[in-house]
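The next block holds one structure in the form of structure tokens; read it before the comments.
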Amino acid sequence: MNYPNVFLHGGDYNPDQWLDYPEVLLEDIRLMKLAGINAVSLGIFAWARLEPEEGRYDFEWMDEIVERLTENGIGIVLATPSAARPAWLAQRYPEVLRCNDRFERMHYGERHNHCLTSPVYREKVRQIDTALARRYAGHKDILMWHIGNEFGGDCRCPLCAQAFREWLIDKYGTLEELNRRWWTGFWSQRYTDWSQIEPPSPMGEVSNPSMWLDWRRFETCQCASFVRMEREAVQAVNGDIPVTINLMERFRDYDYFTLAKEIDVVSWDSYPTWGSGDDMALAANVAMQHDLMRSFKRKPFLLMESTPSLVNWKPHNKLKRPGMHLLSSLQAVAHGSQSVMMFQWRKGRGGSEAFHGAVVSHDGRSDTRVFRDVAEVGQVLAGLKPVLDARNQAGVCILFDYENLWALERVQAAQLGNMRYIDTVLLFYRSLWEQGIAVDFADMSEETSLEGYKVVIAPMLFMFRGGIEEKMRRFTEKGGVLVTTFFSGIVDADHLTYLGDAPHGLTDVLGLRAEEIDALYPEEFNTLVFKDDRDLPLEELCELPRDVTAEVMGVYGSDFYAGMPALTRNRFGRGTAWYLAGKPDPYGMKIVMDMILAEVKLPKADAEIDHPAGVVVTDRGGYRFVQNYSGEPQRVRLLCPMRDQISHNQIEGEWTMPVNGILILKKYTEKEEQED
Ligand code: GLA
Ligand code: ZN
């Protein structure tokens with residue numbers, strides 16, 4: 001098995017940019033050892049160097065690099081170079097270039113912009129992948145394959161258009177069926193020949209939501225089959241080397257739950273703008289992304305890219321403040337990462353990323369602030385061996401579904417073009433994360449099981465698919481706590497509305513039906529008023545429930561629907577189903593969730609740690625990661641003695657955390673207590 005049982009620490013290594021600088025390449029190794037680097041992702045954009053002309057491969061330079069790395073105990077995450085093609089390839093085979101959403105063929109340049117359908121592109125990629133595998137797959141230090149880079153985007157070339165039609169024929173069988181499920185009676189859209197169907201485009205049809213859903217599913221399918229092709233090529237020689245692709249945050253192009261099935265390990269690239277004002281809000285979002293990444297395969301993931309200092313593609317490229325590199329790196333570990341990898345090892349001299357943060361800057365020094373920060377992470381990770389086998393356990397499952405995301409992004413209703421699905425999911429997530437309550441995510445696919453969770457939250461599940469309403473019903477019946485919201489159970493997997501009361505199939509479970517939804521202007525708000533007259537603001541969306549037999553826990557405070565239920569609870573079977581009609585802000589959501597969770601016993605990571613707001617505790621199998629995102633020093637109080645896995649100090653009672661401070665606390669085992 002090539003996949004090592006250690007935390008990986010390293011990053012993107014692009015020696016192909018430095019072949020004219022042999023002294024730099026030698027120095028790299030010395031510096032890597034100083035920085036505690038034990039793995040690099042190699043050759044992500046090296047195609048032009050590996051195959052300088054069609055069919056002529058040049059591996060010698062890479063042989064040397066591979067030898068040097070392995071002699072020095074540095075493992076290799078070897079990339080397939082498919083994310084950027086050489087100029088000769090584009091020139092000779094223009095079909096490999098993407099067509100944009102105006103059906104225009106792009107010119108050669110940039111990256112991540114090839115056609116995933118093109119048989120030529122697939123064949124050329126398969127050939128170089130095969131050659132790479134033949135050359136290196138026997139090597140014990142190839143830890144894994146890094147397929148392509150950040151797959152994303154669409155192509156609307158004639159090949160893709162034809163493949164889309166074939167995909168549709170396969171799915172629907174007859175045009176009659178497609179017309180029915182795409183509701184083409186609208187605007188005289190009936191198709192009478194498959195060839196009339198084109199990819200959605202502002203030049204043609206762009207607003208049929210059923211078509212949009214199928215387009216996204218088709219694009220997911222093209223990407224999945226491309227990844228599968230690459231995987232088969234590289235694993236043909238040695239199937240033991242696992243395969244990853246690096247995913248992105250808040251990504252909308254493809255269904256990651258589906259893509260994750262094609263790979264062995266999920267990895268992702270995280271670039272938050274730390275220090276830009278509200279690190280707590282930012283940390284909540286990153287934590288959610290980490291948990292989502294872990295949930296795709298229900299196992300530890302890799303942080304494949306992060307910056308040791310800054311990026312260079314945001315309008316304001318702030319430096320990571322002291323302490324933040326360690327804190328953000330260990331945040332990934334807290335949520336289940338088996339690595340802290342960075343983009344990139346060394347800043348190039350030219351190209352658009354010459355000023356992106358890197359471990360080694362243009363001065364080539366190891367006594368810089370950034371280098372020291374990186375070396376510190378390396379040292380800490382090397383001491384965290386026991387954490388490696390600790391697993392994240394969650395009692396709460398949040399349903400998050402890419403098809404629902406696409407459905408909401410195209411529905412012309414309520415807050416047009418701004419339904420803020422991911423933000424709504426984050427609202428719920430944050431209220432739990434702040435209290436140290438662990439969360440898994442699941443989508444609505446057939447194989448999703450809600451068994452074993454105490455609480456299931458289904459924010460804004462506009463679409464129901466995969467029998468999710470049945471699963472939620474059974475989950476509640478058997479004693480679970482179900483939380484649903486406004487704008488749920490309205491359309492099916494074809495984006496056709498259900499006929500009958502909403503949320504589809506759940507009105508008896510919730511004890512109400514949702515009749516209308518009101519969209520508020522940005523400056524407007526309503527309120528949710530509790531029985532004891534406390535209230536909290538509601539914004540953006542307010543749904544109006546009718547025929548409410550559920551217990552009313554809160555009502556609307558104003559407008560023509562003042563007094564109408566805004567938060568309800570319904571006993572169903574042995575469980576409880578909650579319904580939240582309007583959208584609170586993060587502060588209000590915390591109050592709502594406190595009320596809901598008052599009846600459930602859920603383990604909290606901060607059970608033995610008193611801490612102020614701005615400090616968050618996350619549990620990974622008994623290791624409590626205490627993280628200070630408040631921007632101020634903070635005092636925490638431990639209710640029992642614990643050992644910090646970073647400093648190895650025993651900590652008891654009050655403890656002051658610096659700005660961006662982090663502790664990894666573990667309770668003493670009985671044996672340790674006796675020895676002390
Ligand atoms: C992405 C890419 C990298 C690099 C970084 C810069 O994540 O995968 O190649 O461009 O962004 O932040
Ligand atoms: Zn194409």
Side-chain angles (χ1 to χ4, degrees), residues 10-14 16-17 40-47 77 79-85 90 93-106 110-122 125 146-167 198-201 215 218-219 221-223 225-226 244-251 253 267-274 289 293 302-315 317-318 320 328 341-348 351-359:
D12 280 33
Y13 185 36
N14 301 309
D16 43 308
Q17 293 174 24
V40 293
S41 354
L42 180 64
I44 296 178
F45 299 107
W47 196 343
V77 176
T80 69
S82 61
R85 83 214 69 72
Y93 307 103
E95 70 159 65
V96 306
L97 299 170
R98 238 173 231 187
C99 288
N100 66 13
D101 68 355
R102 304 180 67 79
F103 304 111
E104 297 155 342
R105 178 80 62 189
M106 302 301 283
E110 302 293 329
R111 57 174 178 173
H112 302 157
N113 53 5
H114 38 273
C115 171
L116 291 177
T117 304
S118 155
V120 171
Y121 197 66
R122 287 186 177 225
V125 169
H146 180 295
I147 303 275
N149 192 64
E150 296 191 337
F151 280 93
D154 299 354
C155 173
R156 289 170 172 82
C157 76
L159 292 169
C160 286
Q162 185 52 29
F164 182 42
R165 281 176 215 120
E166 279 158 22
W167 186 90
E198 290 190 315
S201 152
W215 174 249
F218 163 73
E219 287 291 295
C221 191
Q222 289 307 85
C223 183
S225 81
F226 195 93
T244 190
I245 55 175
N246 51 338
L247 308 180
M248 291 170 275
E249 77 168 284
R250 288 180 172 243
F251 186 70
D253 297 352
S267 66
W268 81 287
D269 303 343
S270 173
Y271 292 101
T273 333
W274 298 113
Q289 301 301 322
M293 297 292 160
L302 300 175
L303 177 62
M304 187 57 83
E305 292 180 26
S306 59
T307 177
S309 54
L310 42 57
V311 295
N312 70 332
W313 42 264
K314 290 189 179 168
N317 296 293
K318 258 187 126 58
K320 269 183 167 173
S328 59
M341 308 280 281
M342 290 156 291
F343 181 86
Q344 60 176 335
W345 162 249
R346 181 188 280 275
K347 288 182 189 172
S352 66
E353 291 182 330
F355 298 98
H356 190 288
V359 184

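Note that the coordinates shown come from a computational prediction; the quantities given were computed from them, not determined experimentally. Indexing begins at 1, ligand by ligand and atom by atom, following the structure's order.
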Proximal atoms of ligand 1 relative to [X] (non-hydrogen, under 4.0 Å):
{"X": "F45", "result": "9 (O)"}
{"X": "N149", "result": "2 (C), 8 (O), 9 (O)"}
{"X": "E150", "result": "1 (C), 2 (C), 7 (O), 8 (O)"}

Return the residue, atom name and 0.1 Å-rounded distance of the protein heavy atom closest to [atom].
{"atom": "atom 10 (O) of ligand 1", "value": "E353 OE2, 2.3 Å"}
{"atom": "atom 9 (O) of ligand 1", "value": "R111 NH1, 2.9 Å"}
{"atom": "atom 2 (C) of ligand 1", "value": "E305 OE1, 3.4 Å"}
{"atom": "atom 6 (C) of ligand 1", "value": "H356 NE2, 3.1 Å"}

Query - C160 atom SG and C115 atom SG as seen from the Zn ion (ligand 2), angle to 10 degrees - result: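 For SG of C160 and SG of C115, the angle centred on the Zn ion (ligand 2) reads 100°.
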Is there a donor-acceptor pair under 3.5 Å between the side chain of [X] and the backbone N or O of [Y]?
{"X": "N312", "Y": "S352", "answer": "yes"}
{"X": "R85", "Y": "A90", "answer": "no"}
{"X": "R156", "Y": "P200", "answer": "yes"}
{"X": "T80", "Y": "G148", "answer": "yes"}
{"X": "S306", "Y": "M341", "answer": "yes"}
{"X": "R98", "Y": "H114", "answer": "yes"}

Query raised in the report: Do any of the N, O or S atoms of C99 sit under 2.8 Å from the Zn ion (ligand 2)?
Result: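 No, outside the cut-off.
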Query - Parallel, tilted or perpendicular: rings of W215 and F218 (30°, 60°) - result: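 Plane angle between 30° and 60°, so tilted.
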Query raised in the report: Judging by distance only, is a nitrogen or oxygen of H112 under 3.5 angstrom from one on ligand 1?
Result: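 It does not: no N or O of H112 is found under 3.5 Å from an N or O of ligand 1.
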